[in-house]
Amino acid sequence: MTTLNIAAIPGDGTGPEVMTEAVKVLQAAGSKFDFKLGLTEYDLGGHRYHRTGETCSDETLEELRGHDAILLAAIGDPSIPPGILERELLLKIRFAFDQYINLRPVRLFPGVPTPLKDKGPDEINYTVVRENTGGLYTGVGGISMKGTPHEVASQTMVYSRHQVERCLRYAFEYAKHHGKKATGRGEENTVALVGKTNVLTYVFDLWERAFHEIGKADYPNIKRDYYHVDAVCIYAVQSPEWFDVLVTSNMFGDIITDLAATTQGGMGLAAGGNINPDPGGVSMFEPIGGTAPNFTGMNVINPLACISSGAMMLTHLGQTAAAKAIEDAVIFVTANKLKGTCAGEMGYSTSEVGDMVAEKVAS
Ligand code: IPM
Ligand code: MN
């Protein structure tokens, strides 16, 4: 029997509560689909930082590297200055394992209310491929003359051809296999580049040239579109059905996927994966949302984003039937059980929602 060695990082706030449910569901899937879950828990996050000062040491990184994948629930704590856990833990893992793709499906499940008028599951169904290790997140910049009236701060958007190219290729491959035509939802598979070619005339010139060169040479059957990032914010609300696969830079991807998550019923449902697609790469799956400190310990937070991130992890590890069973179970629960999707509005507790998904997977 296959054993999947998973490093679980429950993290802070409501992270441990949603992780418990994700593990419950993964275990149910393992029993049904004949794999074993070899789980190692890592208590990284705010508690560990307060206790020991450690965010994520090199030794811990090496241990994580020994796993098939990482599942992270949420990290961040209001008692810790912003940037420490983000940069020294979350981004550190993304960078150390070269998880250069952040895959964020935007899918409105049946039964889930969306704030978008007259839009349903057929219209809100697309994927954002966010470049995940470059751009403004690289940390190029600094402050000089700090604290004086003349101080200067800079933070530079940097991209190499290599970074741009591997991200674009992933997006084209993704569209080829999961685009609208590939999945019987439309006439064409489309990749749209999201940028700001009218202002960021260096970085997005590089992206745009690489996009068309690669598309033309290697993916002639995939349609290519382009949107400015500000326009995407309009269309994501007005015409999300225009989108199939969107590919974009790190910061733009961060921002538009929060907007997109709202259209799919909120952070409680938005799953994602930090992926290193290369052979031997270690990927980390994590819900898009944060730690929701106001709801911590109340058993009211929605665990479905973490559960769905677990399903994405299984897909990545080749357990596609198990992943599909979890996705179907999540859809069954949203369509037939939940009264709402936000914390405290589900009509069920966090653990009850996990139970219902696990039962459905097992059935
Ligand atoms: C996300 C988060 C992170 C990011 C933060 C916590 C560093 O907002 O995963 O979207 O900006 O990537
Ligand atoms: Mn974000």
Side-chain angles (χ1 to χ4, degrees), residues 11-13 44-58 60-61 72 74-100 102 104 128 130-164 167 193-210 227-234 248-262 267 272 274 284 286 288-294:
D12 304 311
L44 299 169
H47 291 291
R48 172 96 157 241
Y49 179 71
H50 277 310
R51 220 174 49 245
T52 68
E54 185 196 336
T55 46
C56 184
S57 67
D58 291 346
T60 305
L61 271 185
L72 180 148
I75 56 127
D77 190 300
S79 69
I80 300 171
I84 295 181
L85 293 177
E86 290 85 346
R87 196 149 268 290
E88 300 303 323
L89 175 54
L90 188 63
L91 298 180
K92 189 168 178 176
I93 296 174
R94 290 181 185 172
F95 278 70
F97 297 146
D98 201 14
Q99 295 162 344
Y100 58 88
N102 198 320
R104 298 187 159 183
V128 178
R130 166 186 175 190
E131 198 288 327
N132 207 35
T133 56
L136 283 163
Y137 282 66
T138 312
V140 172
I143 304 187
S144 49
M145 296 173 282
K146 191 168 181 173
T148 76
H150 300 285
E151 68 180 319
V152 179
S154 69
Q155 200 112 28
T156 311
M157 186 186 276
V158 286
Y159 268 112
S160 67
R161 172 82 192 204
H162 168 74
Q163 286 176 313
V164 166
C167 178
L193 173 66
V194 178
K196 190 75 185 172
T197 49
N198 51 350
V199 176
L200 304 176
T201 48
Y202 309 132
V203 163
F204 282 100
D205 180 69
L206 172 59
W207 274 89
E208 196 178 33
R209 275 183 292 113
Y227 302 107
H228 288 321
V229 64
D230 42 357
V232 159
C233 297
I234 301 174
T248 191
S249 66
N250 206 342
M251 177 61 88
F252 289 171
D254 177 44
I255 297 169
I256 65 175
T257 52
D258 268 25
L259 173 67
T262 301
M267 286 302 178
N274 304 280
M284 174 167 72
E286 78 175 296
I288 295 182
T291 54
N294 295 343

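Predicted, not measured: the structure shown is a model, and the values here were computed from it.
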**Report entry** Test item: Asp205 and Thr197 side chains (from C-beta on) under 4.5 Å apart, heavy atoms
**Finding:** no

Notebook entry, point to check: Are Gln155 and Val140 close enough, and set up right, to give a side chain to side chain contact (heavy atoms under 4.5 Å, CB included), and what steps lead you there?
Noted result: CA-CA 6 Å; Gln155 200 112 28; Val140 172; over 6 Å; no

Next on the checklist: Taking NE2 in His50 as the centre, count heavy atoms belonging to other residues, nucleotides or ligands within less than 6.0 Å. Is the count above 12?
Outcome noted: yes

- Message: Between Asn132 (side chain only) and Gln99 (backbone N and O only), is there a donor and an acceptor less than 3.5 Å apart?
- Response: yes

Task: Test item: Asp58 and Lys92 side chains (from C-beta on) under 4.5 Å apart, heavy atoms - done: yes

Check: With a 3.5 Å cut-off and no angle check, do the side chains of Tyr49 and Asp77 form a donor-acceptor pair?
Finding: no

- Query: Under the 3.5 angstrom rule, does the side chain of Thr60 hit a backbone N or O of Cys56 as a donor-acceptor pair?
  - Reply: no

Donor-acceptor pair, side chain of Glu131 and main chain of Thr133, under 3.5 angstrom: yes

**Asked** With a 4.5 Å heavy-atom cut-off, do Glu208 and Val164 have their side chains touching?
**Response** no

Contacts satisfying side chain to side chain donor-acceptor pair (under 3.5 Å) that involve residues 139-154 (not counting sequence neighbours) are none

Distance col, row Tyr202:OH vs Leu200:CG, nearest 0.5 angstrom, shows 10.5 Å

Between Trp207 and Tyr159, what is the ring plane arrangement, given parallel below 30°, perpendicular above 60°, and tilted in between?
perpendicular

By side chain to side chain donor-acceptor pair (under 3.5 Å), Arg161 pairs with (sequence neighbours left out) Glu165, Glu213

* Asked: Do Thr55 and Leu85 have side chains that get closer than 4.5 Å, going by heavy atoms?
  -> yes

Is a side-chain donor or acceptor of Thr52 paired with a backbone partner of Glu54 at a separation under 3.5 angstrom? yes

